[in-house]
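No experiment lies behind these values; they were computed from the predicted model shown.
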Amino acid sequence: MKRTHGAACVLVVAALGLAPVAASAGVSAEHAKHPAPPESGKWRVTGGLTGSMRVTHQHAAVSHLKARIAPTAETACGTGTVTVVGKHKIIHAKGDSEFGTYNLWAVGKNEPDADPVIQPEKVTVIQNGHHRKGTFYISFAGAKGHTKAADSGGAIDYHGGNCELQFEVHKS
């Protein structure tokens with residue numbers, strides 16, 4: 001089975017907004033205290049997927065996430081396209097975990113006692129026209145107007161946990 005982990009796992013950890021990681025990723029101490037919400041509009045999805053999604057007005061939700069599965073994705077993910085059904089609320093997640101204080105915007109569940117602190121939410125994933133149960137999360141850790149690949153990313157999981165599509169998000 002091909003795996004996409006490697007650098008993508010580092011990106012996901014960096015996206016969790018942990019204070020030492022945020023500082024090393026070029027996020028200022030002030031931004032770590034008061035992160036800007038993700039900007040409204042179209043965002044690009046890259047990595048294990050190539051496509052786009054939308055952040056709704058007032059950074060309230062993520063919707064229209066549709067992408068093509070990259071050739072480097074895990075074999076269990078299949079090929080073709082993946083769509084995450086519905087709108088998914090963006091939360092302002094902050095707290096203290098065993099790794100330190102964090103403060104970021106995310107789609108998922110804020111669980112300070114978990115590792116990672118942003119846990120995925122249950123979703124319906126459409127893969128090549130077939131509805132599947134899965135999970136999904138995104139962490140937005142980049143400063144407004146400065147979101148880079150190392151700042152924001154997430155994952156879609158389906159096929160009973162056998163497929164994890166990790167991706168990065170960038171403001172278009």
*Rounded to the nearest 0.5 Å, what separation is found between the OG atom of Ser152 and the CG atom of Leu104?*
9.0 Å
*What pair of heavy atoms forms the shortest contact from Ala70 to Gly47, and how long is it?*
CB-O, 3.4 Å
*Any donor-acceptor N/O pair, Tyr102 side chain to Ser97 backbone, under 3.5 Å*: no
*asked:* Can you confirm whether the side chains of His92 and Asn103 place a donor and an acceptor under 3.5 Å from each other?
replied: yes
*Taking atom CD of Glu168 and atom CD1 of Ile138, what is their separation to the nearest 0.5 Å?*
12.5 Å
_Under a 3.5 Å threshold, yes or no: a donor from one side chain and an acceptor from the other, between His88 and Glu121?_
yes
*Gln119 side-chain N/O to Pro116 backbone N/O, donor-acceptor pair under 3.5 Å*: yes
*Expected output: side-chain Trp105 to main-chain Ile90 donor-acceptor under 3.5 Å*: no
_Pairwise distance OG(Ser63) to NZ(Lys89) - rounded to 0.5 angstrom_ = 15.5 Å
*Glu39 side chain to His59 main-chain N or O, any donor-acceptor pair under 3.5 Å?*
no
*Just say parallel, tilted or perpendicular for the rings of Phe136 and Phe167, cut-offs at 30° and 60°.*
parallel
*CE of Met53 to CZ of Arg44: how many Å apart, nearest 0.5 Å?*
11.5 Å
*How many angstroms lie between CG in Asn110 and CD1 in Ile118, if you round to the nearest 0.5 Å?*
5.0 Å
*Are any side-chain N or O atoms of Asn128 and backbone N or O atoms of Thr79, one a donor and one an acceptor, separated by less than 3.5 Å?*
yes
*With no hydrogens and no angle check, is any side-chain donor or acceptor of Glu74 less than 3.5 Å from a backbone partner on Glu164?*
yes
*Can you tell me how far NZ of Lys66 sits from CG of Leu49, rounded to the nearest 0.5 angstrom?*
12.5 Å
_Given Asp157, which partner from the list Val125, Thr135, Asn162, Val123 fulfils the side chain to side chain contact (heavy atoms under 4.5 Å, CB included) test?_
Thr135
*Taking all non-hydrogen atoms of both residues into account, name the closest pair between Tyr158 and Cys77 and its distance.*
OH-O, 2.7 Å
*Take Trp43 and His170 through the test ring pair (Phe, Tyr, Trp, His ring centres under 6.0 Å) and record every step on the way to the result.*
CA-CA 6 Å; Trp43 286 64; His170 318 263; 8.5 Å; no
*With the side chain counted from C-beta on, respond yes when His159 and Gln127 share a heavy-atom pair under 4.5 Å apart, and no when they do not.*
yes
*asked:* Using side-chain heavy atoms (C-beta onward) and a distance below 4.5 Å, is Val82 in contact with Ile156?
replied: yes
*What heavy-atom pair brings Leu165 and Ala73 nearest, and what distance separates the two atoms?*
CD2-CB, 3.6 Å
*Could you tell me whether the side chain of Thr124 and the main chain of Val85 form a donor-acceptor pair under 3.5 Å?*
no
*Given side-chain contact (heavy atoms from CB on, under 4.5 Å), test Ile69 with Thr81 step by step and report yes or no.*
CA-CA 6 Å; Ile69 299 170; Thr81 60; over 6 Å; no
